[in-house]
Structures are given as structure tokens and as C-alpha cells.
**Student:** 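Take a look at this one; I'll ask things after.
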Amino acid sequence: QVQLVESGGGLVQPGGSLRLSCAASGRPFSTSPMGWFRQAPGKEREFVASITASGSNTFYTDSVKGRFTVSRNIAEKTVHLQMDILKPEDTAVYYCARYRLPFSVSRYADTTAVELWGQGTQVTVSS
């Protein structure tokens, strides 16, 4: 069964760090561009970060640039989101995403470009 399984969420104080992981199955992982989105209560799901199939290019929403880092391990079929200097406004459910092919880098922030979502993992930043 094709699926994405996230892990690593939790409660952290402002200024702290968390590392999210996403384990992928299904289509050969090496050809899949991947992304992370988040959804806060009462808000629409929004783009956070993405990485191309080769891992050579990454993209971030402005609010997380310099704080978050997306990476992938092709051999382990995993994608990671390292989140540092966390802020209360980062509180949300974070979703791993696999983009449909063919992938256009102009659409990395578009939720309709995603063909498969994980179940989500809660990240809460609070003192």
C-alpha cells in the first residue's frame, strides 16, 4: 500500500528544535519530489518546504527560511524537516507530501500539485 508516515512531532518551548521524519513507500522514491505543509487551527493548509527528487534543490516559505532545513535520504526512503528556533506561530499539524509527476518547480507551494498526503503530526510551540 502506498503511504507516507510522519513522526517526530511534539511539544517544544520557543527557541527549541524538532526534527520531523517521513517514511515513504510506493513509487520509486528516487523519482519523487517531496514536500512539507502545515495547517494551524482555523487556517488553510500552507506550504512549508520542498525538495526535488535528486535533492539538489530546496524551497522554503519565507517565514521559515534560515530556521528550517528539508533533506532526504534516498537509500532509506525518508524525508526530514529539521526545525530550529521554533516560534509559537509554527504551531500546526505538519503533513508530508508527495508531488504528482511531472513536477513543475513553479507549483511547489500549490496543494493541488500534491498527489499523496501523510496522516500529519502535531507540532506545538509553547512555554
**Student:** So which heavy atom on Y99 is nearest to which on S50, and how close?
**Tutor:** OH-CB, 3.4 Å
**Student:** Could you state whether M83 and V125 fall into the same hydrophobic cluster, counting links through intermediate Ile, Leu, Val, Met, Phe, Trp or Tyr residues with side-chain heavy atoms under 4.5 angstrom apart?
**Tutor:** yes
**Student:** So, Q39 side chain and V93 main chain: donor-acceptor pair closer than 3.5 Å or not?
**Tutor:** no
**Student:** State the OH-CZ distance between Y60 and F68, to the nearest 0.5 angstrom.
**Tutor:** 10.5 Å
**Student:** Write down the atom of S30, the atom of A53, and the distance for their closest heavy-atom approach.
**Tutor:** O-CB, 3.3 Å
**Student:** What distance separates R19 CZ from S71 OG, expressed to the nearest 0.5 Å?
**Tutor:** 5.5 Å
**Student:** Kindly determine whether K87 and D90 satisfy salt bridge (Lys or Arg N to Asp or Glu O under 4.0 Å), including the steps that lead there.
**Tutor:** CA-CA 5 Å; K87 304 176 181 180; D90 294 319; over 6 Å; no
**Student:** Kindly work out whether a path of hydrophobic side-chain contacts (I/L/V/M/F/W/Y, heavy atoms less than 4.5 Å apart) joins F103 to V79.
**Tutor:** no
**Student:** Linking I/L/V/M/F/W/Y whenever their side-chain heavy atoms sit closer than 4.5 Å, directly or via other members, would Y94 and L18 fall into one cluster?
**Tutor:** yes
**Student:** With R45 as the cation and W117 as the aromatic partner, state whether NZ or CZ is under 6.0 Å from the six-membered ring centre and within 45° of the axis.
**Tutor:** yes
**Student:** Kindly work out whether a path of hydrophobic side-chain contacts (I/L/V/M/F/W/Y, heavy atoms less than 4.5 Å apart) joins Y95 to V48.
**Tutor:** no
**Student:** So F37 and C96, do their side chains get closer than 4.5 Å, heavy atoms only?
**Tutor:** no
**Student:** Within a reach of under 6.0 Å around CD of E89, are more than 12 heavy atoms found that belong to other residues, nucleotides or ligands?
**Tutor:** yes
**Student:** Please report the shortest heavy-atom distance between S126 and P14, naming the atom on each side.
**Tutor:** C-CD, 3.6 Å
**Student:** Just verifying a value: how many Å separate T121 OG1 and R38 CZ, rounded to the nearest 0.5 Å?
**Tutor:** 14.0 Å
**Student:** Check for a donor-acceptor pair, side chain of T52 on one end and backbone N or O of N57 on the other, with a separation under 3.5 Å.
**Tutor:** yes
**Student:** As an exercise, state the distance from OG of S25 to CG of L116, rounded to the nearest 0.5 Å.
**Tutor:** 8.0 Å
**Student:** Distance check, rounded to the nearest 0.5 Å: L81 atom CG versus R72 atom CZ?
**Tutor:** 13.5 Å
**Student:** If two hydrophobic side chains count as joined below 4.5 Å and joins carry through other members, does V123 share a cluster with V64?
**Tutor:** yes
**Student:** Would you say the ring centroid of Y108 lies under 6.0 angstrom from that of F47?
**Tutor:** yes
**Student:** Any side-chain heavy atom of M34 sitting closer than 4.5 Å to one from V70?
**Tutor:** no
**Student:** Quick one: does any side-chain atom of E6 pair with a main-chain N or O of S21 as donor and acceptor, under 3.5 Å?
**Tutor:** no
**Student:** Between CG of L20 and NE2 of H80, what distance do you get to the nearest 0.5 Å?
**Tutor:** 10.5 Å
**Student:** Which pair of heavy atoms, one from A24 and one from L4, lies closest together, and at what distance?
**Tutor:** CB-CD2, 3.6 Å
**Student:** Locate the shortest heavy-atom distance separating A23 from T78; write the atom from each residue and the value.
**Tutor:** CA-CG2, 4.3 Å
